[in-house]
Number of protein chains: 2
Amino acid sequence: MGIVERRERLRKQVRTDILKTARDIAREEGWQAVSIRKIAEVIEYSPPILYEYFDNKDKLLETIRNEGFSHLHNELTRLKTLYRSPEKLLIEFAQVQWKFAIEQPEVFQVMFNIEGAMCQSRQAFQVEFAMLNNHPIWDALAHIRPRSADAISKTFYEWWCLTYGFLMVSLITQPKASLATFEPIFMESVRRFVRGLV
Amino acid sequence: MGIVERRERLRKQVRTDILKTARDIAREEGWQAVSIRKIAEVIEYSPPILYEYFDNKDKLLETIRNEGFSHLHNELTRLKTLYRSPEKLLIEFAQVQWKFAIEQPEVFQVMFNIEGAMCQSRQAFQVEFAMLNNHPIWDALAHIRPRSADAISKTFYEWWCLTYGFLMVSLITQPKASLATFEPIFMESVRRFVRGLV
DNA sequence: GTAAATAATTTTACATTGTTAAGTTACTTC
DNA sequence: GAAGTAACTTAACAATGTAAAATTATTTAC
């Protein structure tokens, strides 16, 4: 009997719709405008239905945040298979980060609690910024200049502050239309950082 | 008759109390917890009184944001009188920025719409990031390495992305208790940036 | 010193929010 | 088709920003 499967498929679809709708509203009107009721209206269900899929609004945002971080992480591991040179990997990944932040600003906003997005869970940060080896970026830095784990961890942290920091400042302070102007400045900063590593 | 003056003084005091209370609540419980009613309760007035002092909640936050930016700007001009060397000025100002962000995180949060703070007005950014000469930082960069105005403006922007970006990433992703750990990393990044300018 | 005028403040109200509990409808199984 | 279960909605609560109306306190004019 495919009844259970059909139900499961439907559930999955509704869940995806909820997440997509939240992102859509956020992109159009900002995260302050995202409410359970508005999402419910768009997906044509009553508001309490959302609580069948997410414990609360915070967990919904947490899901979007985690998807954002794991999307970038997947891109990073994909790039690792493409480029042997650690320098190239860093630069290409920075490019991917920029593209992601510009194309999906509403996800980036949730990832870092900026511009009205607010998610309590700090779990994603502990994963992203864990200063352990075996992270592709950490490895790349270690390959470019082998040093003590502590020294590399420091550079690892500087990397995230440079890339994510640049993106945050740009997304927060610049009007959307003029953002493209800053991409070359960003990429040049990244290249200088990579050059300065040796 | 000093009646008008007395009233004016009282008004000023209440206004200050409102701003201070907002910051206090934000520091203790975060900006999501700051509500007109809660502020009113603390200053022992009914909620609508707040609208005699600020058009709305957004304007209240805008005031805190502007005060934050002008405080830093004042510190910068103060430092300019203390240090002749532009390199020294940059490094000392970075130190002031760090101190400010750590000691008054709730103000920093409003300045950049992070961690639940949300203020629509972008006015402060236009002032802070206006790539014009006569800004102490812009001047310092121009003195360290004289170039075209465009080239300096680019570096000027990189400066803000480095300093504010580093602070944002740190404030957002790190638990308050461990923030102190990152100060030397921040300062080293700034020094490398300054060294790299020549 | 009292009445009128004005300023200061509060009470009441409305729409919107997240979220829960109770109720209802639709579907599946026997 | 009846019983049981899953899916869903309605109604409700407390908290929010904010406006209008009502009230109280203070000042001014006589």
Side-chain angles (χ1 to χ4, degrees), chain A residues 1-19 21-23 25-26 28-65 110 113 115-121, chain B residues 1-19 21-22 25-26 28-65 110 113 116-121:
Chain A
M1 52 179 82
I3 288 174
V4 179
E5 281 90 343
R6 195 201 65 212
R7 282 221 261 251
E8 201 45 49
R9 240 176 320 162
L10 231 133
R11 254 191 87 81
K12 212 140 205 173
Q13 184 58 53
V14 171
R15 202 186 123 98
T16 316
D17 287 351
I18 291 171
L19 293 167
T21 305
R23 290 199 310 266
I25 299 172
E28 298 291 331
E29 313 172 51
W31 279 104
Q32 332 81 355
V34 176
S35 74
I36 299 289
R37 281 174 163 88
K38 239 183 252 175
I39 299 172
E41 198 177 4
V42 174
I43 65 168
E44 296 182 297
Y45 276 104
S46 67
I49 280 296
L50 288 164
Y51 293 86
E52 304 273 330
Y53 295 89
F54 300 95
D55 281 357
N56 49 46
K57 201 183 174 184
D58 202 74
K59 291 275 183 190
L60 203 167
L61 292 224
E62 190 182 337
T63 307
I64 292 174
R65 164 179 290 181
V110 175
N113 279 354
E115 298 290 73
M118 182 60 194
C119 164
Q120 303 282 353
S121 166
Chain B
M1 56 178 77
I3 288 173
V4 180
E5 280 91 343
R6 195 200 67 213
R7 281 223 262 253
E8 201 45 49
R9 241 176 317 150
L10 232 134
R11 255 190 85 82
K12 213 140 205 169
Q13 185 57 55
V14 172
R15 202 185 123 98
T16 316
D17 288 351
I18 292 172
L19 293 167
T21 305
I25 299 171
E28 296 294 328
E29 313 172 51
W31 279 103
Q32 331 82 346
V34 176
S35 75
I36 297 289
R37 281 175 163 87
K38 239 183 253 175
I39 300 172
E41 198 176 4
V42 174
I43 64 167
E44 297 182 297
Y45 277 103
S46 66
I49 279 296
L50 293 186
Y51 293 88
E52 304 273 329
Y53 295 88
F54 300 96
D55 282 358
N56 49 46
K57 201 183 175 184
D58 202 74
K59 291 275 183 190
L60 202 168
L61 293 224
E62 191 183 336
T63 306
I64 293 174
R65 164 179 291 181
V110 174
N113 279 353
M118 182 59 194
C119 163
Q120 302 281 353
S121 166

Quick one, [X] and [Y] - any side-chain contact, counting heavy atoms below 4.5 Å?
X       : Y        : answer
A:Arg65 : A:Asn113 : yes
A:Tyr45 : A:Ile18  : no
A:Ile36 : A:Phe54  : no
B:Glu52 : B:Val14  : no

Inset, instruction - Choose from C:dT19, D:dT10, C:dT11 the nucleotide whose nearest atom is closest to any side-chain atom of A:Lys57. - result: C:dT19
Inset, instruction - With the side chain of B:Arg7 defined as its heavy atoms from C-beta on, choose the nearest nucleotide among C:dA7, D:dC8, D:dA19. - result: C:dA7
Legend entry - Exercise: identify the closest heavy-atom pair between A:Met118 and A:Leu61: O-CD1, 3.6 Å
Between [X] ([atom1]) and [N] ([atom2]), how many Å, whole number?
X       : N      : atom1 : atom2 : result
B:Glu52 : D:dA20 : CD    : C1'   : 13 Å
B:Leu10 : D:dA25 : CG    : C1'   : 14 Å
A:Asn56 : D:dA14 : CG    : P     : 20 Å
A:Glu5  : C:dT28 : CD    : P     : 13 Å
B:Lys59 : D:dG17 : NZ    : P     : 17 Å
A:Glu8  : D:dA7  : CD    : C1'   : 14 Å
B:Tyr51 : D:dA21 : OH    : P     : 17 Å
B:Ile18 : C:dT9  : CD1   : P     : 11 Å

Legend entry - Check: A:Asp58 side chain, A:Gln120 main-chain N or O, donor-acceptor pair, under 3.5 Å: yes
Legend entry - Heavy atoms of other groups near B:Lys38 NZ, more than 12 under 6.0 Å: yes
Legend entry - Separation of B:Thr21 OG1 from B:Glu44 CD (nearest 0.5 Å): 10.0 Å
Inset, instruction - With rounding to the nearest 0.5 Å, note down the distance linking CD in B:Glu41 to CZ in B:Arg37. - result: 11.0 Å
Inset, instruction - Pull out every residue in residues 32-45 of chain A that has a heavy atom closer than 4.0 Å to any atom of DNA chain D, ordered by number, or say none. - result: A:Arg37, A:Tyr45
Inset, instruction - Using five base pairs at each end, measure the axis-to-axis angle across the helix from C:dG1-D:dC30 to C:dC30-D:dG1 and round it to 10 degrees. - result: 20°
Inset, instruction - Compare side-chain N and O positions of A:Arg6 against OP1 and OP2 of C:dT28 and report whether any pair is under 4.0 Å apart. - result: yes
